[in-house]
**Q** 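Quick one: structure below, then a few questions.
In this chain, numbering begins with 1 at the start of the sequence shown. As a basis for the values below, the full set of heavy atoms in this structure was taken, side chains included, without hydrogen atoms, waters or symmetry mates. Ligands are counted one by one from 1 in listed order, and the atoms in each one are counted from 1 as well.
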Amino acid sequence: MASTGPLYLGFDLSTQQLKGLVVDDSLKKVHEAKFDFDADAKGFNINKGVLVNEAEHEVFAPVAMWLQAIDTLLLRLKDDGLDFKRIKGISGSGMQHGSVFWNADAEQLLAQLDPEKTLQSQLDGAFAHPFSPNWQDASTQKECDEFDAVLGNEHQLANVTGSKAHHRFTGPQILRFQRKYPDKYIKTYRITLVSSWIATVFLGKFAPFDISDVCGMNLWDIKAGKWNEKLLELAAGPSGVDALKKKLGDVPEDGGIHLGNISDYFVRRHGFSSDCTIIASTGDNPSTILALPLKKNDAIVSLGTSTTFLMSTAQYRPDPATHFFNSPTTPGLYMFMLCYKNGGLAREKVRNAINAQAGVDDKNSWSAFDENLLSTPPLAQDDPSKTPMNLGLYFPRPEIIPNLPVGEWHFEYDPVSDELKRSRGVPRSPEQDARVIVESQFLSLRLRSRDLVHSPGPGLPPQPRRVYMVGGGSRNKAIARVAGEVLGGSEGVFKLDVGENACALGAAYKAVWAVERDPGETFEDLIGKRWREDEFVEKIADGYQPDVFERYGRALKGFEMMELKLLEERKEGKLE
Ligand SMILES: Nc1ncnc2c1ncn2[C@@H]1O[C@H](COP(=O)(O)OP(=O)(O)O)[C@@H](O)[C@H]1O
Ligand SMILES: O=C(CO)[C@@H](O)[C@H](O)COP(=O)(O)O
């Protein structure tokens with residue numbers, strides 16, 4: 001007999017694709033589909049989901065392409081057998097920091113959508129600007145300097161907003177937007193984040209920012225729970241704070257807030273039930289921590305286009321080197337995050353060089369990369385007693401952590417003499433680059449999370465209890481193995497059964513919680529009760545291995561010296 005129980009739909013609008021995932025009330029995934037921007041979008045000259053203006057270091061995405069993606073994704077979910085009538089709640093996750101500038105006609109256009117036509121064909125006129133600045137944008141150095149200065153320094157800004165100023169954060173982006181396009185800024189009636197943009201489309205009217213994603217703007221005072229007036233004043237420019245406040249709207253405290261019923265357009269065009277509820281959408285990283293009942297001292301490593309490292313903590317310990325956000329669901333909890341621009345695409349560059357050298361036909365195959373990753377000894381050290389450790393940084397795009405320009409740098413480090421020497425590359429390039437780039441990415445995570453992790457048991461050095469891998473790169477077990485060697489993890493390295501789609505899963509779980517919670521029931525309680533560990537997660541690699549963990553511990557010192565040296569050279573103008 002066909003099931004009739006309630007279903008919950010989660011979206012993930014990320015750099016390279018829109019994904020949709022449906023779960024039932026027992027948290028089991030029942031449908032999923034995706035729309036890949038490069039492969040599926042028609043009429044946009046994008047590469048890896050974005051457009052680039054190199055001259056100004058701008059990276060941005062066409063908003064109309066996302067509308068096309070929603071139009072097609074819903075058809076794909078239908079083809080997958082989804083009965084839209086059963087969907088009781090929808091929530092979404094969006095790549096963080098990106099802003100969409102809507103004009104004054106938008107709400108009328110949203111309210112009057114004709115179910116015979118696509119979203120893309122009807123909402124073209126709803127935007128004051130056709131593009132959304134992407135998280136990879138690096139055009140706002142001047143604006144970031146102003147943000148860091150306005151409260152005193154970057155420490156003060158991090159204390160108040162959870163982060164120092166970052167190129168991609170929405171406040172500095174708005175400041176640059178209103179300076180570069182004053183007319184468009186005046187015409188902007190409402191600014192949404194990518195997350196509240198998804199909710200807006202499904203709601204048919206403007207949706208507010210969510211309590212977690214708002215922390216990615218450098219405008220929100222986390223402890224006070226309100227906008228910081230000085231920061232608003234800076235971002236707002238000549239048209240003033242009140243005008244900007246109107247464009248930004250309110251920020252409800254409850255991450256599970258019911259924003260309203262789904263827009264009639266979706267009821268009539270796709271057969272959704274008219275009482276399907278739209279739940280606040282959040283950022284892709286906050287959403288990822290909702291994909292499982294994360295315990296204290298567990299870490300999530302998300303290998304998407306960006307690499308991120310996430311932990312849930314009750315301690316608010318902001319620092320200019322890291323990010324803190326409100327939990328998307330639970331007051332009093334925070335999300336700690338590290339975010340790197342050079343994640344998936346940097347690894348792909350090494351993979352491509354290996355495949356080209358080996359004459360591999362399938363350009364997207366990871367086999368040769370994986371073979372080299374596993375056959376190269378740790379730190380590409382053939383004989384640890386005689387040869388130095390090989391360290392490197394691979395940044396095809398300007399990096400966030402540390403703030404370095406495009407480049408690739410190699411060093412040799414002798415942990416006995418503590419000597420660090422510049423080298424021309426790894427001994428056997430590009431094969432050994434596979435090992436050195438993956439180690440480099442995980443060493444940076446270990447370096448920057450070391451004060452947050454603690455010993456998971458007697459006699460164990462500080463490290464996570466479990467490391468969960470998610471995002472596209474979590475398909476790769478060779479990378480997971482190296483993650484365990486570098487980061488540890490007393491119980492091992494794990495993957496969710498929908499590991500690549502954790503953001504969409506987290507969004508779907510948020511919808512389950514928001515619709516089905518009892519009064520006062522936390523997300524952790526509800527999801528914890530329904531979660532089935534044996535079905536939903538798989539151990540994919542060993543974690544803590546004392547010898548190699550200790551060896552990487554020694555490498556950390558050289559790694560830190562390497563970064564400091566390059567930062568010094570940047571200051572002296574030697575790297576640009
Ligand atoms: N088998 C694999 N090994 C390593 N990386 C992979 C593998 N499969 C996919 N990826 C990486 O996953 C990335 C996409 O991850 P995904 O989480 O879907 O992206 P996003 O959410 O940022 O759009 C690609 O850039 C690719 O490098
Ligand atoms: O900028 C950040 C987080 O601060 C990125 O993590 C974006 O949120 C995009 O992520 P993916 O497309 O890699 O999922």
**Q** Atom 8 (O) of ligand 2: which protein heavy atom is closest, and how many Å away?
**A** Asp284 OD1, 2.7 Å

**Q** Number the atoms of ligand 2 from 1 as they appear, then name those within less than 4.0 Å of a heavy atom of Met95, with their elements.
**A** 8 (O), 9 (C)

**Q** Hey, do the aromatic rings of Phe131 and His129 have their centres closer than 6.0 Å?
**A** yes

**Q** Would one find an N or O of Thr305, backbone or side chain, under 3.5 Å from an N or O of ligand 1?
**A** yes

**Q** Give me the nearest non-hydrogen protein atom to atom 2 (C) of ligand 2 as residue plus atom name, then the distance to 0.1 Å.
**A** Cys339 SG, 3.4 Å

**Q** For Trp227 and Trp220, take the angle between the two ring planes, folded into 0 to 90°, and tell me which bin it lands in: parallel under 30, tilted 30 to 60, perpendicular over 60.
**A** perpendicular

**Q** For ligand 2, is there an atom lying under 4.0 Å from some heavy atom of Gln16?
**A** no

**Q** Does ligand 1 come near enough to Arg347 that some N or O of the ligand is less than 3.5 Å from an N or O of the residue?
**A** no

**Q** Closest non-hydrogen protein atom to atom 3 (C) of ligand 2, residue and atom name please, with distance?
**A** Asn285 ND2, 3.3 Å

**Q** List the closest protein heavy-atom neighbour of atom 17 (O) of ligand 1: residue, atom name, distance to the nearest 0.1 Å.
**A** Gly472 N, 2.9 Å

**Q** Just to confirm my output: which protein heavy-atom neighbour is closest to atom 19 (O) of ligand 1, and how far is it?
**A** Gln17 NE2, 3.3 Å

**Q** What atoms in ligand 2 come closer than 4.0 Å to a heavy atom of Met337?
**A** 3 (C), 4 (O)

**Q** Report the nearest protein non-hydrogen atom to atom 1 (O) of ligand 2: residue, atom name, distance rounded to 0.1 Å.
**A** Arg168 NE, 2.9 Å

**Q** Any atoms of ligand 2 less than 4.0 Å from a non-hydrogen atom of Thr308? List them with their elements.
**A** 6 (O)

**Q** Under 4.0 Å from a heavy atom of His97: which atoms of ligand 2 are those, numbered in the order shown and with their elements?
**A** 1 (O), 2 (C), 3 (C), 4 (O)

**Q** On the six-membered ring of Phe369, is Arg351 placed so that its NZ or CZ lies under 6.0 angstrom from the centre and within 45° of the ring axis?
**A** no

**Q** Quick one: are the ring centres of Phe169 and His323 less than 6.0 Å apart?
**A** yes

**Q** Would you tell me whether Asp71 and Gln68 have side-chain atoms, one donor and one acceptor, within less than 3.5 Å of each other?
**A** no

**Q** Distance under 4.0 Å to a non-hydrogen atom of Arg475: what atoms of ligand 1 satisfy this?
**A** 1 (N), 8 (N), 9 (C)

**Q** State the atoms of ligand 1, each with its element, that fall below the 4.0 Å cut-off from a heavy-atom position in Gly304.
**A** 15 (O), 16 (P), 17 (O), 19 (O), 22 (O)

**Q** What atoms in ligand 1 come closer than 4.0 Å to a heavy atom of Ser14?
**A** 20 (P), 21 (O), 23 (O)

**Q** Do Lys180 and Glu58 meet the salt-bridge criterion of a basic N to acidic O distance under 4.0 Å?
**A** yes

**Q** Check ligand 1 against Glu348 and write out every atom of the ligand that is under 4.0 Å from a heavy-atom position of the residue.
**A** 24 (C), 25 (O), 26 (C), 27 (O)

**Q** With atoms numbered from 1 as shown, which atoms in ligand 2 lie under 4.0 angstrom from a non-hydrogen atom of Thr305?
**A** 13 (O)

**Q** Just which atoms of ligand 2 are under 4.0 Å from any heavy atom in Ser14?
**A** 12 (O), 14 (O)

**Q** Nearest protein heavy-atom contact for atom 12 (O) of ligand 2: which residue, which atom, what distance?
**A** Thr15 OG1, 2.4 Å

**Q** Angle between ring planes, Phe324 versus Tyr334, binned at 30° and 60°: parallel, tilted or perpendicular?
**A** perpendicular

**Q** Atoms of ligand 1 less than 4.0 Å from Lys19 heavy atoms?
**A** 16 (P), 17 (O), 18 (O), 21 (O)

**Q** Where does Gln16 meet ligand 1, judged by heavy-atom distances below 4.0 Å: at the side chain, the backbone, both, or neither?
**A** both

**Q** Any side-chain heavy-atom pair from Phe325 and Gln96 closer than 4.5 angstrom?
**A** yes

**Q** Once you restrict to heavy atoms under 4.0 Å, what part of Lys477 touches ligand 1? Side chain, backbone, both or neither.
**A** neither

**Q** Could you check atom 3 (N) of ligand 1 against the protein and tell me its nearest heavy-atom contact, residue, atom and distance included?
**A** Asn476 ND2, 3.0 Å

**Q** Return the closest protein heavy atom for atom 5 (C) of ligand 2 as residue, atom name and distance.
**A** Ser306 OG, 3.5 Å

**Q** Only heavy atoms of Gly471, strictly under 4.0 Å: list the atoms of ligand 1 that pass.
**A** 17 (O)

**Q** Among all protein non-hydrogen atoms, which one is nearest to atom 5 (N) of ligand 1, and what is the separation to 0.1 Å?
**A** Trp366 CZ2, 3.3 Å

**Q** Are Phe177 and Phe101 near enough that their ring centres are under 6.0 Å apart?
**A** yes

